[in-house]
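Notes for the one structure printed next.
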Amino acid sequence: FLHDARLSTERLIGLVNDLLDTSRLERGKMQISTAPVNIRELTQSVLAEISPLIQEKNQALTMEIPDDLPVVSGDTQLLRQVILNLVSNAIKYTLRSGRIRIAARIENTRLRWEVEDSGIGIPQTDLGKLFDKFYRAENALAVETEGTGLGLYLVRLIVEQFGGKVWCTSEVNVGSTFAFTLPLAIHEA
């Protein structure tokens with residue numbers, strides 16, 4: 001009973017925090033500290049935190065992010081939330097022994113980060129609504145009943161806050177790729 005109560009409390013705290021973050025971002029009231037962010041180091045930090053979930057599902061993870069990837073301007077904690085949300089979803093919606101690939105590269109003057117999974121995929125009819133507030137794809141509800149429908153909405157708000165874009169491509173029973181771009185940090189001479 002204590003274990004179940006603890007899990008329920010953690011879910012409730014997560015929901016309240018998501019609602020507060022959403023409200024602050026929507027109203028422009030969130031304290032944001034912009035600084036150079038090393039996306040490779042940030043991704044490695046997130047992976048270290050959630051590696052037990054990957055191991056528990058016996059998933060194969062590969063990371064293709066160059067050591068010399070330029071930094072972006074952003075708030076480390078907010079960008080951490082973006083990466084954590086996208087990688088957590090990939091883990092959640094990929095079956096046991098599935099694969100997850102994380103990559104980042106430079107495209108023109110932007111950094112592109114993506115997570116690709118061999119998960120359940122998302123129906124084409126749901127792709128246009130994925131980043132809407134409280135929206136959850138129908139097949140996601142069948143696999144995972146928990147969730148607020150705020151995670152991808154928050155991802156979109158945060159990425160757009162820093163001048164980026166986020167999107168998803170997917171095929172049912174094949175997998176999904178979630179990607180975002182951010183402008184590179186401008187260094188003063």
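Just so it is clear, the structure is predicted and the values come from calculations on it, not from any experiment. In this chain, residues are counted from 1 in sequence order.
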With sequence neighbours excluded, tell me which residues meet side-chain hydrogen bond (donor to acceptor under 3.5 Å, both in side chains) with N58.
-> S97

What closest approach, in Å, do V159 and V166 show between heavy atoms, and which atom pair accounts for it?
-> CG1-N, 4.2 Å

Excluding sequence neighbours, so at least two apart, what forms side-chain contact (heavy atoms from CB on, under 4.5 Å) with S118?
-> T94, R99

Closest heavy-atom contact between L184 and P70?
-> CD2-CB, 4.0 Å

Where is the tightest heavy-atom contact between L154 and Q81, given as atom of each residue plus distance?
-> CD1-NE2, 3.6 Å

Starting from the C-alpha separation in whole Å, work towards a yes-or-no answer on side chain to side chain contact (heavy atoms under 4.5 Å, CB included) for V115 and I100.
-> CA-CA 7 Å; V115 58; I100 298 170; 3.7 Å; yes

Looking at OG of S176 and CG of L86, how far apart are the two atoms once the value is rounded to the nearest 0.5 Å?
-> 11.0 Å

Quick one: side-chain hydrogen bond (donor to acceptor under 3.5 Å, both in side chains) partners of E160, sequence neighbours excluded?
-> R156

Out of curiosity, D117 CG to Q59 CD, how far, rounded to the nearest 0.5 Å?
-> 8.5 Å

Rounded distance [0.5 Å steps], OH in Y153 versus CD1 in I158 | 11.5 Å

Report yes if some heavy atom in the side chain of L150 is under 4.5 Å from a heavy atom in the side chain of K133; otherwise report no.
-> yes

By ring pair (Phe, Tyr, Trp, His ring centres under 6.0 Å) - contacts of F180 (at least two apart) | W113

Hey, does the side chain of T34 reach the backbone of D75 with a donor-acceptor pair shorter than 3.5 angstrom?
-> no

Just do the side chain to side chain contact (heavy atoms under 4.5 Å, CB included) check on L111 and L69 with the steps written out, would you?
-> CA-CA 8 Å; L111 178 137; L69 195 66; 3.3 Å; yes

If you take all heavy atoms of L152 and F131, which pair is closest and at what distance?
-> O-CD2, 3.3 Å

Taking every heavy atom of G74 against every heavy atom of L79, the minimum-distance pair comes out as CA-CD1, 4.0 Å

Looking at residues at least two apart in the chain, or sitting in another chain, which of them share a side-chain hydrogen bond (donor to acceptor under 3.5 Å, both in side chains) with R101?
-> E64, E114, E116

pair P183-T109: side-chain heavy atoms closer than 4.5 Å = no

Set of salt bridge (charged side-chain N to carboxylate O under 4.0 Å, His left out) partners for D68, sequence neighbours left out | none

Donor-acceptor contact present, side-chain N108 to main-chain R110, <3.5 Å = no

Taking side chain as C-beta onward, heavy atoms only, is I120 less than 4.5 Å from V172?
-> no

dist K57:NZ -> R96:CZ (nearest 0.5 Å) comes out at 8.5 Å

Do the side chains of I65 and L42 join up, straight or via other hydrophobic residues, at under 4.5 Å, putting them in one cluster?
-> yes

Taking only distance into account, with no hydrogens and no angle test, what donor-acceptor pairs under 3.5 Å do side-chain atoms of residues 47-56 form with protein atoms, sequence neighbours excluded?
unit_1 : atom_1 : unit_2 : atom_2 : d
E49    : OE1    : R80    : NH2    : 2.5
S51    : OG     : A48    : O      : 3.4

Please say whether more than 12 non-hydrogen atoms of neighbouring residues, nucleotides or ligands are located less than 6.0 Å from NZ in K129.
-> yes

Identify, with sequence neighbours excluded, every residue that meets side-chain hydrogen bond (donor to acceptor under 3.5 Å, both in side chains) alongside E171.
-> none

Pairs in or reaching into residues 38-47: which pass salt bridge (Lys or Arg N to Asp or Glu O under 4.0 Å), with residues at least two apart or in two chains?
-> R40-D67

Cluster overlap M63 with I91, hydrophobic side-chain contacts below 4.5 Å | yes

Rounded to the nearest 0.5 Å, what separation is found between the CD1 atom of I83 and the CG atom of L78?
-> 11.5 Å

Smallest separation among heavy atoms of V37 and T76, with atom names | CG2-OG1, 3.7 Å

Check for a donor-acceptor pair, side chain of N85 on one end and backbone N or O of G151 on the other, with a separation under 3.5 Å.
-> yes

Does the side chain to side chain contact (heavy atoms under 4.5 Å, CB included) test come out yes or no for V155 and F178, once each step is laid out?
-> CA-CA 11 Å; V155 164; F178 282 83; over 6 Å; no

Kindly determine whether S170 and L127 satisfy side chain to side chain contact (heavy atoms under 4.5 Å, CB included), including the steps that lead there.
-> CA-CA 8 Å; S170 187; L127 286 177; 4.0 Å; yes

